[in-house]
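To start, the structure itself, in structure tokens.
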Amino acid sequence: MADVRDILDLDAPQAQELTKEALLNSKKKIVYEKKFTMKRPEGMHREVFALLYNDNKDAPPLMPSDTGTGYKQAKARLGMKKVRKWEWTPFTNPARNDAAVFHHWRRVTDPAKDYPFAKFNKQLNIPAYTLNEYNTMLKTNPTKWTKAQTDHLFDLAKRFDIRFIIMADRWDRANYGIKTVEDLKERYYEVCGILSRQKSSPDKKIYVFDADHERKRKEQLKKLFDRTPKQVEEEQMLLNELKKIEARKKERERKTQDLQKLISQADQQQAEAQQAAANARKAEKKLNKKKIQAQPRPSKVDSVVNAVESAGIKFTDLRGTGVSLRSQRMKLPANVGQKKAKALEQVLQEFKVDPNPPPIDEICTAFNELRSDMVLLCELRTALATCNFELESLKHQYEVLCPGKTLNIPASLITPPDDSKTTDLDKTLSSLTN
């Protein structure tokens, strides 16, 4: 360090005085410096922390390695072995046809091999045709393609390996006219398809070039390239609107699906409730059937009495919101059948009552009560006939169970029989109960 300071013309450090303490403590104390170690942050994985480095460490390798040094292969140890000999040897390229000879360095121990880059020289198989094949299969309209033009096309294909852009640029326009890239492609693939179909199996797939589609595609690309900034901005706006519409459509579809799920769940719950109710009704019917079998047969009189109590027509009260006609009050309810309605009309005709009277408040009330009383009269007559039949049945049962005895029914319970003929009005009234 002193030599370096002298060269750089730096001030040398002043010599320290020798003291008694310095002589006694001539033995240097070993001071261990703590190396700064970076602690792994909390929450960071050990593998991720191992990728970090600082000035005291080398950078991590860019490629995965099998060695600890970060290199795929261990460093060469120079001076340990003899250097392998190299020689300046000639070689030829099999991809060339001019027999050119080149030279490069090669190890003496390595065997002679072909030029490795010759494998990248791929040669395309350009089909060929004879004059007879052209006349029989490939001849087309002379205004489009002649044999000379077709020969020139396949000559360019061999020279430039079917690079149609270069072929169109090298096309001899002076002798063969102007041809576009699409025209060259269409004619080339047409000839290749015919020859391939003739020489190979018919099941082999033949490539067909669509020239019209290619022209339209390029025209559309040109229009797309020639757009003005205003048109681009308008298109972007339309695309944004389309995205919004699609987003709203997806949202509606999602809501519809959720609603369908709710409806299906409600239908399922309703079906389960109906099934449970049906099971409960079946169980109740079985229980009632057992009770009915255990109880004696009920009398028909009770059912007739219940029917008489609920007899009559109950007209609906039109006291709702909005405007309504008073004639609606005289309309028969829906529970009155068509047969009973016609019977009521016949009875009204028998009594010479207008079936459609003026809808005055008093007339509506009286007309409804009249029809209800008619139905009640029919029910009473039916109940009377049922009671008479029940009394006669009980009398016969008593005489069968008690031979030699006769059941005397009070005269007040027996309705005197009507010997007169049944009128049309009675027939009409009896039809109301059927």
Side-chain angles (χ1 to χ4, degrees), residues 87-106 110-228 232:
E87 61 180 357
W88 185 253
T89 56
F91 72 94
T92 58
N93 188 354
R96 298 174 65 97
N97 299 324
D98 53 358
V101 179
F102 305 94
H103 293 76
H104 64 174
W105 288 99
R106 182 172 61 84
D110 292 345
K113 296 181 181 179
D114 292 337
Y115 187 60
F117 295 99
K119 61 183 179 180
F120 297 108
N121 184 33
K122 299 295 183 181
Q123 297 293 333
L124 298 179
N125 185 17
I126 307 299
Y129 53 87
T130 61
L131 180 61
N132 186 19
E133 289 177 346
Y134 183 85
N135 293 329
T136 55
M137 296 182 296
L138 306 178
K139 194 172 183 180
T140 59
N141 189 0
T143 58
K144 291 185 177 181
W145 286 92
T146 61
K147 186 176 184 304
Q149 291 175 339
T150 306
D151 294 341
H152 181 53
L153 171 65
F154 275 80
D155 180 51
L156 292 176
K158 290 179 182 179
R159 288 171 56 192
F160 302 110
D161 292 335
I162 321 181
R163 294 180 177 89
F164 288 100
I165 303 298
I166 303 176
M167 292 166 57
D169 183 68
R170 299 296 190 274
W171 182 263
D172 191 354
R173 297 176 178 82
N175 298 325
Y176 302 111
I178 299 174
K179 296 291 183 181
T180 61
V181 177
E182 289 77 18
D183 296 335
L184 299 181
K185 286 185 178 182
E186 185 179 20
R187 180 59 176 168
Y188 175 80
Y189 288 115
E190 179 186 1
V191 173
C192 291
I194 294 173
L195 295 176
S196 178
R197 195 179 298 109
Q198 184 68 21
K199 296 179 181 179
S200 62
S201 60
D203 298 336
K204 186 178 179 181
K205 189 175 181 180
I206 306 299
Y207 177 73
V208 178
F209 178 74
D210 192 353
D212 294 335
H213 176 74
E214 185 68 13
R215 293 187 186 97
K216 291 179 181 178
R217 186 184 68 85
K218 288 186 177 180
E219 184 179 357
Q220 291 175 356
L221 287 175
K222 186 176 183 301
K223 290 181 180 179
L224 189 65
F225 182 76
D226 294 340
R227 290 177 303 168
T228 61
V232 174

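One is the number of the first residue; the rest follow in order along the sequence. Computed over heavy atoms, backbone and side chain alike; hydrogens, waters and symmetry mates excluded.
Side-chain contact between Arg96 and Asn121 is absent, with no heavy-atom pair separated by less than 4.5 Å. Between Trp171 and Leu184 the shortest side-chain heavy-atom distance falls below 4.5 Å. Counting heavy atoms from C-beta on, the side chains of Leu124 and Ile162 come closer than 4.5 Å. Annotation: side chain of Ser196 is not in contact with side chain of Tyr207 (no heavy-atom distance under 4.5 Å). Using a 4.5 Å cut-off on side-chain heavy atoms (C-beta onward), Met137 and Leu195 make contact. Residues Lys158 and Gln123 have side chains not in contact (no heavy-atom distance under 4.5 Å, counting atoms from C-beta outward). Looking only at side-chain heavy atoms (C-beta outward), Tyr129 and Ile194 stay at 4.5 Å or farther from each other.
Judged as a side chain to side chain donor-acceptor pair (under 3.5 Å), and not counting sequence neighbours, the contacts of Arg227 are Glu235. With sequence neighbours left out, the side-chain contact (heavy atoms from CB on, under 4.5 Å) criterion links Asp226 to Lys222. Not counting sequence neighbours, Glu219 has no partner by the side chain to side chain donor-acceptor pair (under 3.5 Å) test. In this view, Asp155 satisfies the salt bridge (charged side-chain N to carboxylate O under 4.0 Å, His left out) rule with no residue, not counting sequence neighbours. Under the side-chain contact (heavy atoms from CB on, under 4.5 Å) criterion, Lys218 pairs with Val181, Glu182, Glu214, not counting sequence neighbours.
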Check: Would Asn175 and Asp172 count as a side-chain hydrogen bond (donor to acceptor under 3.5 Å, both in side chains) if you check the C-alpha gap in whole Å, the side-chain angles of each, and the deciding distance to 0.1 Å?
Finding: CA-CA 6 Å; Asn175 298 325; Asp172 191 354; 2.6 Å; yes
Notebook entry, point to check: Stepwise, does the side-chain hydrogen bond (donor to acceptor under 3.5 Å, both in side chains) test hold for Asn141 with Thr143?
Noted result: CA-CA 5 Å; Asn141 189 0; Thr143 58; 2.8 Å; yes
Note to self: Quick one, Gln198 with Thr136, criterion side-chain contact (heavy atoms from CB on, under 4.5 Å). Give me CA distance, side-chain angles, the key distance, then yes/no.
What the structure shows: CA-CA 12 Å; Gln198 184 68 21; Thr136 55; over 6 Å; no
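Looking at every heavy atom in both residues, Phe160 comes nearest to Ile166 through CD2-CG2, 3.7 Å. The two residues Ala112 and Arg106 make their nearest non-hydrogen contact at N-NH1, 4.0 Å. In terms of heavy-atom proximity, Thr92 sits nearest to Tyr115 at O-CB, 3.8 Å. In plain terms, the two heavy atoms of Asn93 and Ala118 that are nearest each other are OD1-CB, 3.4 Å.
Salt-bridge check for Arg217 with Asp210: failed, with every basic side-chain N at 4.0 Å or more from each acidic carboxylate O.
In this structure, CZ on Arg187 lies 7.5 Å from CZ on Phe154, to the nearest 0.5 angstrom. To the nearest 0.5 Å, atom NZ of residue Lys179 and atom CG of residue Leu156 are 13.5 Å apart. A distance of 5.0 Å separates NZ of Lys185 from CZ of Phe209, quoted to the nearest 0.5 Å. Interatomic distance, CG of Leu221 versus NZ of Lys216, reported as 14.5 Å (0.5 Å rounding).
Here salt bridge (charged side-chain N to carboxylate O under 4.0 Å, His left out) pairs that include residues 132-150, with residues two or more places apart or in two chains, are Lys147-Asp151.
Residues Phe164 and Tyr188 place their aromatic rings such that the two centres sit under 6.0 Å apart. A ring-centre distance under 6.0 Å is not found for His104 and Trp88.
Note on ring orientation: taking the six-membered ring where Trp is involved, the planes of Phe102 and Phe91 are tilted (angle from 30° to 60°).
Environment of CG in Asp110: crowded, with over 12 heavy atoms of neighbouring residues, nucleotides or ligands closer than 6.0 Å.
Checked by atom type and distance alone, the side chain of Thr150 pairs as donor or acceptor with a backbone atom of Thr146 at under 3.5 Å.
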